Amino acid sequence: MSDEPTVRDVSDWWSTAVSRIEPDVIELRGRPVQDLIGHTSFVSTIWLLLRGHPPTPGQERLLEAAMVSGVDHGPHAPSIAVARIAATCGVGLNNAVATGVNLLGDVHGGAGEQCMEMLAEVTSRTGAGDTLDRAAASVVEDWRARSKYLPGFGHRFHTVDPRRKPLLGLVEAAAAEGVVDGAYLLAANAIERVLAEGRQRPVPINVDGCTAVVYGELGFAPPLARGLFVLSRSVGILAHAWEETGQGRRNKGPMPPSILPTYLGTA
């Protein structure tokens, strides 16, 4: 019996249902690309590739809104800042974008995924018979026992995230229309109520929490919340890196050269 791989063994090595690429054939999830071009939006294509079927108009509208909301948050965002720095160092635009994307980890870029997991815990407990507010309170207590940061809530700049109202408003409308069931939205509202108790200044949901609501309502797995955020923020990273390449600066550091880092001295 031969141990040499067969043609079928080699073909199966990268077996995929995402696309079929052959001479004169490009199909995405079984749909010829020529039928998609000019008829299918980019966001709808993202849904198609990830889920295997096209979204409904209501699903597409929610996904697009969430992805638009996360495209940029200024050069003080680490992923944007390092992309601009990289653009002044003689690397290509693709390297500058990759530099920014590579900073989107658990702390900067992972809150949406973490918030989805937290909201899913609330919905799971209510599904098991707990009241919504009691489930939210116990989940918040559990998460705070692990970290002082509650993913998806509060913001270091905004007292109320300006992206909150339009995103959650769209989810409310979608729930009323039967596009989504609204469970993640109810969980997020319940957590906001818990965080407002006994405080003069509330801790409102931020864009990571709002997009977590959207992605949860749309049935995406939590890790895809981070993947979708990466796609969204890549737009801002690209725009900032491109802008920086046109400003003529070289080897731009994180601070103006006239400002020196504080020297801590020797141990």
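All values below come from the heavy atoms of this structure, side chains included, with hydrogens, waters and symmetry mates left out. What you see is a predicted model, and the numbers here were worked out from it, not measured in a lab.
Following chains of ILVMFWY side-chain contacts shorter than 4.5 Å, one can reach I46 starting from M116, so the two form part of one hydrophobic cluster. Residue V101 is not grouped with residue L224 when hydrophobic side chains (ILVMFWY) are merged at heavy-atom distances under 4.5 angstrom, including chains of intermediate members. Linking ILVMFWY side-chain heavy atoms closer than 4.5 Å, directly or via other members, places V43 and V230 in two distinct hydrophobic clusters. Note on M118 and L186: same hydrophobic cluster, where clusters join Ile, Leu, Val, Met, Phe, Trp and Tyr whose side-chain heavy atoms are under 4.5 Å apart, directly or indirectly. Cluster membership check: L231 does not share its hydrophobic cluster with L28, using side-chain heavy-atom separations under 4.5 Å among Ile, Leu, Val, Met, Phe, Trp and Tyr.
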**Report entry** S19/I26 under side chain to side chain contact (heavy atoms under 4.5 Å, CB included): CA gap, chis, key distance, verdict
**Finding:** CA-CA 7 Å; S19 59; I26 301 175; over 6 Å; no
**Report entry** Pair V7-S11, side chain to side chain contact (heavy atoms under 4.5 Å, CB included): steps then yes or no
**Finding:** CA-CA 6 Å; V7 172; S11 296; 4.2 Å; yes
**Report entry** Intermediate values then yes/no, side chain to side chain contact (heavy atoms under 4.5 Å, CB included), R61 and T56
**Finding:** CA-CA 9 Å; R61 186 164 56 250; T56 66; over 6 Å; no
Query - Intermediate values then yes/no, salt bridge (charged side-chain N to carboxylate O under 4.0 Å, His left out), R163 and D208 - result: CA-CA 10 Å; R163 298 161 289 191; D208 296 311; over 6 Å; no
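How far CD1 of I37 is from CD of Q34: 7.0 Å, rounded to the nearest 0.5 Å. Rounding to the nearest 0.5 Å gives a distance of 4.5 Å between OG of S79 and CD1 of I237. Separating the SG atom in C115 from the CG atom in L119 is a distance of 4.0 Å, to the nearest 0.5 Å. Put simply, OG1 on T40 and CD on E60 are 8.5 Å apart, with the number rounded to the nearest 0.5 Å. Within the model, atoms CZ of F42 and OG of S44 stand 11.5 Å from one another, a figure rounded to the nearest 0.5 Å. Taking CD1 from I85 and CD1 from I80, the interatomic distance works out to 12.0 Å, rounded to the nearest 0.5 Å.
F229 places none of its side-chain heavy atoms less than 4.5 Å from the side chain of E113. With contacts defined as side-chain heavy-atom distances shorter than 4.5 Å, the pair L104/R226 does not qualify. A 4.5 Å side-chain heavy-atom check between R233 and H108 finds at least one atom pair inside the cut-off. At a threshold of 4.5 Å between non-hydrogen side-chain atoms, the residues L228 and L63 count as touching. Residues I21 and V25 have side chains not in contact (no heavy-atom distance under 4.5 Å, counting atoms from C-beta outward). You'll find the side chain of L167 stays beyond 4.5 Å of the side chain of V213, heavy atoms only. Annotation: side chain of S69 is in contact with side chain of T211 (closest heavy-atom distance under 4.5 Å). The closest side-chain heavy-atom distance from Y149 to Q114 is not below 4.5 Å.
When hydrophobic side chains of Ile, Leu, Val, Met, Phe, Trp and Tyr are connected at separations under 4.5 Å, L260 ends up as a singleton with no cluster partners. Connectivity analysis of hydrophobic side chains (ILVMFWY, heavy atoms under 4.5 Å, direct or indirect) links I259 to M255.
Although no hydrogens or angles enter the test, the distance criterion places a donor-acceptor pair under 3.5 Å between the side chain of D9 and the main chain of T6. Remark: the backbone N or O of A81 is not paired with any side-chain donor or acceptor of H240 at under 3.5 angstrom. With S232 contributing its side chain and M67 its backbone, the two residues share a donor-acceptor pair below 3.5 Å. Formation of a donor-acceptor pair under 3.5 Å by the D12 side chain with backbone atoms of S15 is not found in this model. In this structure a side-chain-to-backbone donor-acceptor pair under 3.5 Å is present from T45 to S41. A donor-acceptor pair under 3.5 Å links the side-chain atoms of E217 to the main chain of A183, judged by distance alone. At least one donor-acceptor pair closer than 3.5 Å links the side chain of T126 to the backbone N or O of V122.
The environment of CD in E141 is sparse: at most 12 heavy-atom neighbours from other residues, nucleotides or ligands sit within 6.0 Å.
Taking each heavy atom of G152 and A111 in turn, the nearest pair found is N-CB, 4.2 Å. When every heavy atom of P54 is checked against every heavy atom of L48, the shortest pair comes out as N-CD1, 3.9 Å. Nearest heavy-atom pair across L62 and A174 is CD1-CB, 3.8 Å. The minimum heavy-atom distance between A120 and Y184, with the atom names listed, is CB-OH, 3.6 Å.
Aromatic rings of F220 and W47 (six-membered ring for Trp) have centroids within the 6.0 Å cut-off, being under it.
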Listed pairs under 3.5 Å, donor-acceptor, residues 187-195 side chains, sequence neighbours left out:
| residue | atom | partner | partner atom | Å |
| --- | --- | --- | --- | --- |
| N189 | ND2 | L185 | O | 3.4 |
| E192 | OE1 | R164 | NH2 | 2.6 |
| E192 | OE2 | R164 | NE | 3.2 |
| E192 | OE2 | I205 | N | 2.8 |
| R193 | NE | D133 | OD1 | 3.3 |
| R193 | NH2 | D133 | OD1 | 2.7 |

Side chains of residues 89-100: which donor-acceptor pairs under 3.5 Å do they make with residues two or more places apart or in other chains?
| residue | atom | partner | partner atom | Å |
| --- | --- | --- | --- | --- |
| N95 | OD1 | G92 | N | 3.2 |
| T99 | OG1 | N95 | O | 2.7 |

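With sequence neighbours excluded, the residues satisfying side-chain contact (heavy atoms from CB on, under 4.5 Å) with Q247 are R84, E243, E244, R249.
Applying the salt bridge (Lys or Arg N to Asp or Glu O under 4.0 Å) test to every pair with at least one member in residues 26-52, sequence neighbours left out, gives these pairs: R20-E27.
D142 and R146 are not joined by a salt bridge, as no carboxylate oxygen comes within less than 4.0 angstrom of a charged side-chain nitrogen.
There is a side-chain donor-acceptor pair under 3.5 Å between W143 and E121.
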